[in-house]
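Have a look at the structure below before the remarks.
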Amino acid sequence: MGENFYLTSPPSPLLHGEGGERKDAKMAQQVQEKYEESHLYRIRHSAAHIMAQAVLEMFPEAKYTIGPPVENGFYYDFDLPRSLTPEDLEAIEKRMRQIVQGKHDFIKKVVSADEARQIFKDQPYKLELIDGLEQGGFDEYGNPLKEKPEISIYQHDTFVDLCRGPHVANTREIKPDAFKLMNVAGAYWRGDENNKQLQRIYGTAWENKQQLEEYLHQLEEAKKRDHRKLGKELEIFIFDEEVGPGLPLWLPNGGVMIEELEKLAKEMEEKAGYVRVRTPHLTKEDLFLRSGHLPYYAESMYPPMELEGVKYYVKPMNCPFHHKIFGSKQRSYRDLPLRLAEYGTCYRYEKSGELFGLMRVRSMQMNDSHIYVSEELFEQEFMGVVDLYRKYFDLFGIEKFVMRLSLHSKAGLGKKYVDNERLWLKTEEMVRRAMTNGGVPFVEAEDEAAFYGPKIDVQIWSAIGREFSLATNQVDFAVPARFDLKYINKDGQEEVPLCIHRAPLSTHERMIGFLIEHYAGAFPVWLSPEQARVIPITDGQNEYAENIAKQLRANGIRASADLSSQRMNAKIRDAQMMKVPYMIVVGKNEMEAGQISLRVRDGSQQNNIPLAEFIARAKDRIARRAKEL
RNA sequence: GCCGACGUAGCUCAAUCGGCAGAGCACCCGCCUUGUAAGCGGGCGGUUACGAGUUCGAUUCUCGUCGUCGGCUCCA
């Protein structure tokens with residue numbers, strides 16, 4: 001079944017490390033070397049140049065910017081006089097094939113900054129890059145550099161580009177049937193939405209035709225497990241235009257999955273010493289002024305509603321409410337860690353273009369908890385949460401993820417981040433030490449923290465390769481003080497607790513979106529909306545089938561009988577398509593013997609067995625939340 | 001939010017140059033009484049996303065709105 005097949009996850013970090021996405025540079029550096037030295041990388045980098053040549057021939061007035069290899073291919077960003085059409089792409093691709101077959105050498109030349117300025121005198125973006133290179137600190141893609149880079153140009157045929165390479169030696173190394181232009185997209189110069197928007201052409205390139213075809217085939221396969229497609233087919237959720245974008249409606253099947261996840265969370269959290277609270281969806285403006293969210297977060301919040309002169313906000317997070325609960329009475333160090341848990345429903349006004357199926361929505365229910373802890377207990381508690389993650393990930397068989405320590409950036413202090421560098425450095429080191437001591441592998445990423453502290457994010461990739469934070473585990477060294485939270489320590493002194501925000505099961509929306517893709521819709525029994533479907537062979541067994549379904553339900557197994565007038569073959573097909581784990585087939589034989597025949601989703605069969613035997617099997621799988629059927 | 005593409009029946013998709021909007025599946029009604037991935041027949045189903053405009057005539061051309069998709073930006 002390829003349970004863990006992902007097209008792109010975890011992707012080569014190049015996807016994040018290059019092309020102006022500075023944020024994951026550190027992470028990229030750790031694993032990137034191999035790809036960067038590969039022939040494939042040269043092919044893609046060179047293909048980008050060849051594409052740029054074709055584009056410049058088509059638009060002599062075009063301004064060109066950067067064109068790095070990325071995972072599976074390359075792109076190049078252009079400032080063009082008009083929008084590109086699909087026909088343009090075809091023409092560009094055709095011209096690229098001609099250029100490739102011209103067998104041109106790629107020639108590198110190291111130049112001075114002034115020479116480079118002369119060469120690119122009509123190319124404002126290149127001039128900007130040259131200035132940057134001359135000043136040092138960053139390479140042409142904006143990645144930080146330790147040393148001042150040399151400035152080099154690469155030429156093939158008539159095309160010259162500012163480039164550090166590497167490239168193939170000759171365009172003949174790029175096979176004309178092994179690359180393809182994929183799409184055009186808008187992209188901001190240097191990745192900054194305040195800058196001009198350029199046109200980015202994405203292409204894919206491989207060693208040979210077969211690899212290209214394999215990749216295109218994989219893309220098709222990935223689309224089949226896209227949660228948006230499966231979610232509709234398996235009747236898990238829908239979106240409705242009148243309800244609004246990003247506001248999913250959970251169908252009964254989705255409802256079951258949510259209930260199962262909550263049951264799981266409650267069991268695990270109860271064992272781990274959490275207590276459950278409930279808080280309202282609305283609050284006065286005062287609460288978010290107090291928490292400090294409003295200045296940092298207002299643009300992601302639904303605008304306030306005003307009643308009797310008081311502004312109310314719909315909550316985008318649960319923390320301030322939990323802080324109020326912590327502060328509702330005097331706390332002693334003996335009360336710590338205090339773990340307040342709630343599957344809280346939050347609303348965030350995500351920009352329209354950022355919405356993405358269930359993975360990015362505007363209404364969400366978070367597997368939320370806030371743990372109030374002393375500094376002394378911090379490491380142990382933080383690792384307790386990481387352990388919880390790992391238990392969940394084992395349960396789901398999630399193997400492809402990256403734990404990322406998200407740090408502040410100096411430049412963001414006082415803007416994106418609470419302005420207290422000392423506490424940033426201190427808490428970051430606490431997390432780093434906890435993770436290192438716990439032997440948990442992680443990567444670090446600057447400028448990815450929450451505004452109130454560093455965090456560990458668990459990064460996963462959707463079927464089509466988009467990256468998301470699934471679970472998160474955040475340190476908050478700032479907000480408890482704003483709420484005047486304190487506890488009395490052993491010495492009778494007041495101290496401000498640290499707060500750990502954690503959501504190991506993410507939100508229902510993102511978690512279920514992810515699980516749909518992870519399992520390709522074929523959920524383990526405990527999570528399957530319909531666990532067993534009873535299929536009578538003729539209508540002579542309808543009553544028997546109904547009776548069996550009833551017995552199954554009485555045993556806590558979600559089951560129904562298919563009494564439609566279709567033939568058995570069609571009923572089996574329907575059940576297979578809905579990925580029901582167990583099909584109970586009953587015909588004349590079974591009815592007379594008081595038995596059943598079992599067809600499992602994987603195609604295996606056990607004919608004429610006692611119902612009790614099946615019930616025992618199903619109950620065992622459910623009770624253990626087993627991976628096997 | 002930005003750039004681009006797209007929007008036809010519940011779903012998946014057709015419809016020539018601007019000339020009466022179609023198929024399969026699903027659904028409903030029958031027939032068949034069936035042994036592990038689609039039995040057969042009939043029926044219902046549309047203000048072609050919405051609103052303007054051009055035209056004798058618009059699913060088709062133009063503009064606007066809404067929504068979806070691919071990216072960018074942003075994120076649980």
Identify every side-chain donor-acceptor pair in residues 531-539 of chain A under 3.5 Å, counting partners at least two apart or on other chains, and give the distances.
| residue | atom | partner | partner atom | Å |
| --- | --- | --- | --- | --- |
| A:Q531 | OE1 | A:R558 | N | 2.7 |
| A:Q531 | NE2 | A:V525 | O | 2.9 |
| A:R533 | NE | A:E530 | OE2 | 2.9 |
| A:R533 | NH2 | A:E530 | OE1 | 2.9 |
| A:T538 | OG1 | A:G540 | N | 3.1 |
| A:T538 | OG1 | A:Q541 | OE1 | 3.1 |
| A:T538 | OG1 | A:Q541 | NE2 | 3.2 |

5'-most contact on RNA chain B: A:Y202 or A:R360, nearest heavy atom basis?
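The residue mapped nearer the 5' terminus is A:Y202.
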
Quick check on RNA chain B: between A:N183 and A:R510, whose nearest nucleotide comes earlier from the 5' end?
A:N183

Summary of side chain to side chain donor-acceptor pair (under 3.5 Å) pairs that have at least one residue in residues 82-91 of chain A, sequence neighbours excluded:
A:R82-A:D88, A:T85-A:E87, A:T85-A:D88

Protein proximity profile, nucleotides 1-6 of chain B - base contact B, sugar-phosphate-only contact S, no contact -, cut-off 4.0 Å on heavy atoms:
BBBS--

Footprint string (nucleotides 24-37 of chain B, 5' to 3'): B base within contact, S backbone only, - free, heavy atoms under 4.0 Å:
---------BBBBB

Is a donor-acceptor contact shorter than 3.5 angstrom present between the side chain of A:S506 and the base of B:rA76?
no

What about A:R228, does its side chain sit under 3.5 Å from the base of B:rC69 through a donor-acceptor pair?
no

Using the [atom1] atom in both, what is the distance from [N] to [M], to the nearest Å?
N	M	atom1	answer
B:rA26	B:rU65	C1'	32 Å
B:rG71	B:rA9	P	26 Å
B:rU73	B:rG10	P	38 Å
B:rG45	B:rA21	P	15 Å
B:rA37	B:rA49	C1'	36 Å
B:rU12	B:rU36	P	32 Å
B:rU8	B:rG51	P	16 Å
B:rC11	B:rU48	P	16 Å

Could you tell me the separation between the [atom1] atom of [X] and the [atom2] atom of [N], rounded to a whole number of Å?
X	N	atom1	atom2	answer
A:E299	B:rU73	CD	P	15 Å
A:K223	B:rU12	NZ	P	14 Å
A:D457	B:rC74	CG	C1'	14 Å
A:I258	B:rA76	CD1	P	20 Å
A:D447	B:rU73	CG	P	13 Å
A:L181	B:rG71	CG	C1'	15 Å
A:M317	B:rA76	CE	P	9 Å
A:Q459	B:rA76	CD	P	9 Å

Quick check on [X]: does its [atom1] atom have over 12 non-hydrogen neighbours (other residues, nucleotides or ligands) under 6.0 Å away?
X	atom1	result
A:E233	CD	yes
A:K416	NZ	yes
A:E299	CD	no

Look at A:R190 together with A:E128 and state whether they make a salt bridge at an N to O cut-off of under 4.0 Å.
yes

Salt bridge check, A:E221 against A:K224: does any charged N sit closer than 4.0 Å to a carboxylate O?
yes

Going by heavy atoms in the side chains, are A:V184 and A:R200 under 4.5 Å from each other?
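A side-chain contact under 4.5 Å is absent here.
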
Is any side-chain heavy atom of A:M366 less than 4.5 Å from a side-chain heavy atom of A:C346?
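In contact.
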
Looking for any heavy atom pair under 4.0 Å, which part of the strands does [X] touch: base, sugar-phosphate only, or nothing?
X	answer
A:S469	sugar-phosphate
A:F239	nothing
A:M364	base

Nearest heavy-atom neighbours spanning A:R599 and A:I572:
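Taking A:R599 first and A:I572 second, the nearest heavy atoms are NE-CG2, 3.7 Å.
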
Ring centres under 6.0 Å, that's the criterion: do A:H408 and A:F451 meet it?
no

What nucleotide, of B:rC75, B:rU68, B:rC66, holds the atom closest to the side chain of A:P245?
B:rU68

Mark yes or no: A:K196 above the aromatic ring of A:Y188, with NZ or CZ under 6.0 Å from the six-membered ring centre and no more than 45 degrees from the axis.
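The answer is no, since A:K196 fails at least one limit relative to A:Y188.
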
Can you tell me which stems RNA chain B forms when a stem means 3 or more consecutive Watson-Crick or G-U pairs under 3.5 Å?
B:1-7 with B:66-72, B:10-13 with B:22-25, B:27-31 with B:39-43, B:49-53 with B:61-65

If we check ring-ring contact (aromatic ring centres under 6.0 Å, His included) with A:F468, which of these qualifies: A:F514, A:W461, A:F356?
A:F356

Under 4.0 angstrom between A:K455 side-chain N/O and B:rA76 OP1 or OP2:
yes

OP1, OP2 of B:rG70 versus side-chain N and O of A:R466: anything below 4.0 Å?
yes

side-chain hydrogen bond (donor to acceptor under 3.5 Å, both in side chains) against A:Y125, all qualifying residues, sequence neighbours excluded:
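A:Y125 satisfies side-chain hydrogen bond (donor to acceptor under 3.5 Å, both in side chains) with A:D79 only.
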
